[in-house]
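Chain naming here is simple, since letters A, B, ... match the order of the sequence lines and numbering starts at 1 in each.
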Protein chains: 2
Amino acid sequence: MKLTIKKIAEMAEVSRTTVSRVLNDSGYVSGEARDRVLAVINATGYVPSQQAKSLRTKKTKIIGVILPKLSTETSSRIVNGMNDVFQEHGYNILLTSTNLDFQKEIEYLRLLKSKQVDGIILVATNINPNLTEEILNIDLPFVAIGQEIPGVSCVTNNDYAAAKEMTELLIGKGYESIGFIGVSDSDRAVGYARKQGFLDTIEKHQLVLREEWIQSAQFDIESGYEAMRKIGGELGVSPLPRAVVCVTDRLAIGAMQYIKEKGFHIPTDISVTGMGASEISRMVLPALTTIDFENEKIGQQAAYFLLEQINSNKTEEIKWEINYRLLVRDSI
Amino acid sequence: MKLTIKKIAEMAEVSRTTVSRVLNDSGYVSGEARDRVLAVINATGYVPSQQAKSLRTKKTKIIGVILPKLSTETSSRIVNGMNDVFQEHGYNILLTSTNLDFQKEIEYLRLLKSKQVDGIILVATNINPNLTEEILNIDLPFVAIGQEIPGVSCVTNNDYAAAKEMTELLIGKGYESIGFIGVSDSDRAVGYARKQGFLDTIEKHQLVLREEWIQSAQFDIESGYEAMRKIGGELGVSPLPRAVVCVTDRLAIGAMQYIKEKGFHIPTDISVTGMGASEISRMVLPALTTIDFENEKIGQQAAYFLLEQINSNKTEEIKWEINYRLLVRDSI
DNA sequence: CTGAAAGCGCTTACAG
DNA sequence: CTGAAAGCGCTTACAG
């Protein structure tokens with residue numbers, strides 16, 4: 001038996017209006033009427049349809065989230081942070097994942113809009129004109145995470161500064177030959193910005209940088225292993241750098257595996273640094289020097305900005321950079 | 001300017017009925033009329049309101065998911081598996097997390113119902129009468145993961161058998177003194193079942209089991225460390241077991257930390273096993289022997305069962321056990 | 001092949 | 001303090 005506000009009204013012998021009022025604590029209801037309604041609701045276990053309510057109020061209390069990948073630590077931490085603040089404000093998350101298929105970003109933007117979400121957070125890994133246009137036209141509270149997208153609110157890391165600081169740290173410790181394992185420049189943040197931070201610092205200190213010391217990889221451990229192999233070149237013939245900066249922890253761990261496998265010692269023979277402060281980075285031996293981008297905070301901040309947009313009805317563009325923390329551990 | 005089916009109808013000079021028909025590919029529409037409607041839709045970027053549609057059709061294409069915790073590897077992997085199949089069938093996930101607050105399980109059950117989700121998947125860590133009653137009354141397609149709940153469809157691991165097999169493996173290798181780090185019995189699966197599997201096997205082989213060799217811990221690494229310390233007792237005085245079975249990888253890693261810190265060697269002095277096949281278990285040194293419960297498959301299977309319930313309209317109770325795989329690595 | 005009309009389950013001016 | 005009625009944006013018999 002499907003319960004509706006109408007049935008409850010009949011059972012409590014009041015109008016639907018009155019039931020609605022006790023449901024929402026709005027307007028005047030006599031204590032007597034309220035008690036009768038409450039009694040019926042308790043007895044029946046009636047739960048009002050958010051569906052119907054939303055159709056009238058234009059609020060679903062649902063936030064759409066678009067992730068590049070569901071089961072990475074970064075994603076989890078970001079979603080976790082967002083969820084904390086959304087939950088507190090009575091919002092829930094409708095989750096989608098593109099699995100790195102960039103077409104789907106646009107597809108999901110539309111899907112979420114059709115689901116009438118109150119706002120959208122996109123965890124971006126790239127930007128392209130189509131996507132940007134779609135976002136600008138979405139006409140919904142919106143926040144991007146991870147990439148700087150012109151015209152919309154963004155919460156980002158200072159990837160450039162982080163890479164720079166990491167490189168400076170190594171140079172400060174006396175390392176004069178440093179390699180680099182990055183990812184594709186199409187990822188503006190992790191790929192391009194971190195690489196520039198590294199390169200600019202190397203140049204500033206006028207250090208030697210052999211061509212094969214700079215490698216581009218995918219996001220997985222194997223790829224880091226492979227990239228390190230390439231840096232090694234013909235081992236024993238071409239010179240190895242004394243340190244290697246990797247743009248993610250997984251890449252660093254892959255690189256470490258190769259280095260250990262070849263019988264070199266970390267950090268005596270060669271140092272390795274990662275970025276991301278994944279849980280693994282702490283457990284690996286030696287513990288990995290890395291950068292904590294504080295993903296939970298990113299998620300929280302994005303959530304706050306989105307709620308602000310939702311509540312104020314204005315789409316003020318706001319750019320926010322989350323601080324990072326350098327975690328110096330045994331790998332250097 | 002808010003676009004509705006009415007406006008589209010006016011612009012295309014047809015009725016709303018016709019617009020609806022081209023939107024849903026239902027009923028007859030002349031090619032001519034269809035073209036006009038399609039043209040208007042493209043020109044305006046109209047996206048129909050799922051909200052309103054759902055109110056009529058009683059289908060939201062949204063699945064509610066209740067997680068004990070958002071950012072654990074197990075959760076991610078399960079959600080990832082579910083999402084694969086839901087996505088393929090046009091469903092999306094509305095995510096909630098109890099953060100291990102058991103009250104919230106019931107709260108979210110109701111919340112999700114009020115949001116008119118088409119079905120619910122609960123990743124359960126405990127069972128209690130209140131919860132069971134709520135589930136039985138929810139009157140919505142429902143699947144539980146991880147715990148065997150009477151009266152509803154469940155996808156579970158054979159926790160008992162897994163613990164048994166792990167213990168048998170150790171005994172088969174000649175270990176005669178084995179300790180155990182578990183969690184609270186209130187978690188029927190991870191706590192109770194795995195412990196019983198261990199205890200029964202020990203008893204079957206009539207091995208000695210000192211009281212302090214059995215410890216109960218929380219779910220984190222620190223807790224595993226602490227439990228191992230207790231197993232050690234007054235180190236050097238009371239005897240250490242030759243191996244210790246831990247019910248999660250994190251506990252095992254904590255235990256390993258303590259063991260290494262005290263100068264013992266793994267596995268020469270003492271062996272350690274985990275469960276869960278977390279990514280860390282592979283990276284840690286020595287690589288951890290563990291059990292892969294194939295969380296993605298669990299998620300997928302649960303999703304399939306839920307979809308079956310949704311499509312068949314019958315709430316046939318079905319119990320399903322996912323196979324596990326023993327991963328023998330260097331820690332034993 | 002097409003459209004007028006009822007209805008999904010709520011909320012909210014409005015009138016009393 | 002209370003209720004009748006309109007309306008949110010769709011879909012779906014039903015009649016033509």
For DNA chain C, determine which residues of residues 52-62 of chain A have any heavy atom closer than 4.0 angstrom to one of its atoms, and list them numerically.
Ala52(A), Lys53(A), Leu55(A), Arg56(A), Thr57(A)

Thr4(B) side-chain proximity, nearest of dC10(D), dA4(D), dT2(C):
dC10(D)

Quick one: list whatever passes side-chain hydrogen bond (donor to acceptor under 3.5 Å, both in side chains) with Asn157(B), sequence neighbours left out.
none

For Glu134(A), which residues count as a side-chain hydrogen bond (donor to acceptor under 3.5 Å, both in side chains) partner, sequence neighbours excluded?
Arg110(A)

Testing the 3.5 Å rule here: is there a donor-acceptor pair between the side chains of Thr74(A) and Thr72(A)?
no

Separation between the C1' atoms of dG16(C) and dT12(C), rounded to whole Å
16 Å

Would you tabulate the side-chain donor-acceptor contacts of residues 298-309 of chain A under 3.5 Å, counting partners in other chains and residues two or more places apart, or write 'none'?
residue, atom, partner, partner atom, Å
Gln309(A), OE1, Phe142(A), N, 3.0
Gln309(A), NE2, Phe142(A), O, 3.0
Gln309(A), NE2, Ser153(A), OG, 3.4

Give the nucleotide from the list dC10(D), dT2(C), dT2(D) with an atom nearest to the side chain of Ile5(B).
dC10(D)

side-chain hydrogen bond (donor to acceptor under 3.5 Å, both in side chains) involving Thr60(B) - partner list, sequence neighbours excluded:
Asp118(B)

Identify whether any heavy atom of Ser20(B) sits under 4.0 Å from a base atom; if not, whether one sits that close to sugar-phosphate; answer base, sugar-phosphate or nothing.
base

Give every residue pair that meets the salt bridge (charged side-chain N to carboxylate O under 4.0 Å, His left out) criterion with at least one member in residues 31-43 of chain B, sequence neighbours excluded.
Asp25(B)-Arg34(B)

Just jot down the side-chain hydrogen bond (donor to acceptor under 3.5 Å, both in side chains) partners of Glu321(A), sequence neighbours excluded, or say none.
Asn158(A)

Which ranges of DNA chain C pair up as stems, where a stem means three or more consecutive Watson-Crick or G-U pairs with both distances under 3.5 Å?
C:1-3 with D:14-16, C:5-12 with D:5-12, C:14-16 with D:1-3

How do Asn24(A) and Glu13(B) order along DNA chain C: which one's closest nucleotide is nearer the 5' end?
Glu13(B)

Among the candidates dC10(D), dG3(C), dT2(D), find the nucleotide nearest to the side-chain atoms of Ser49(B).
dC10(D)

Does the side chain of Leu95(B) reach to within under 4.5 Å of the side chain of Asn92(A), using non-hydrogen atoms?
no

Pairs touching residues 68-111 of chain B that satisfy ring-ring contact (aromatic ring centres under 6.0 Å, His included), sequence neighbours left out
none

Kindly state each residue pair satisfying salt bridge (charged side-chain N to carboxylate O under 4.0 Å, His left out) with at least one member in residues 40-58 of chain B, sequence neighbours excluded.
none

Extract from the structure each pairing of a protein N or O with an N or O of nucleotides 13-16 of chain D at less than 3.5 Å, listing the distance.
none

For residues 89-104 of chain B, which residue pairs pass the salt bridge (charged side-chain N to carboxylate O under 4.0 Å, His left out) check, not counting sequence neighbours?
none

Given dT2(D), dA5(C), dT2(C), identify the nucleotide with an atom nearest to the side chain of Arg16(B).
dA5(C)

